[in-house]
Amino acid sequence: MVDTATISQMAHLGAGIAIGFGAVGAGLGIGFATKGLMDAVSRQPEVAGKAFGFFLLGAALSEACALYAFVIAFLLLGK
């Protein structure tokens, strides 16, 4: 049987992995969104306002994934 200390240690490890992948994924997502915005504005400067709205939507969705990972990490730490 697995003891309580081992389960707690595995939960802490899982929390660290969850928040790590969440942060890396959000960073990559926002980076790709920024690259897309810069490419769009450099090709057609007149679409800057509309493209910025789409950038904010993409950045918010990417950041939401990081927040989900944060919540999962806290749930694992509570076990």
- Interatomic spacing from CG in L77 to NE2 in H12 - rounded to 0.5 Å: 5.0 Å
- So, the side chain of S42 versus the backbone of M38: is there a donor-acceptor pair under 3.5 Å, distance only? yes
- ILVMFWY cluster, L75 and Y68 together (side-chain gap under 4.5 Å): no
- Message: Hydrophobic cluster membership, with links at side-chain heavy-atom distances under 4.5 Å among I/L/V/M/F/W/Y: are L56 and L37 in one?
- Response: yes
- Query: Can F74 be reached from I19 by stepping across I, L, V, M, F, W or Y side chains whose heavy atoms are under 4.5 Å apart?
  - Reply: yes
- Note on the structure: Nearest heavy-atom approach of A18 to I72 is CB-CG2, 4.3 Å
- R43 with D39: basic N within carboxylate O range, under 4.0 Å: no
- So, the side chain of S62 versus the backbone of G58: is there a donor-acceptor pair under 3.5 Å, distance only? no
- Message: What's the separation between atom CZ in F70 and atom CD in E63, rounded to the nearest 0.5 Å?
- Response: 11.5 Å
- Message: Which heavy atom of A51 sits nearest to which heavy atom of A40, and what is that distance?
- Response: CB-CB, 4.5 Å
- Task: Indicate, with yes or no, if F55 and V41 share a hydrophobic cluster defined by side-chain heavy-atom contacts under 4.5 Å among Ile, Leu, Val, Met, Phe, Trp and Tyr.
- Result: yes
- So if you build clusters from Ile, Leu, Val, Met, Phe, Trp, Tyr with side-chain heavy-atom gaps below 4.5 Å, do L13 and F21 land together? yes
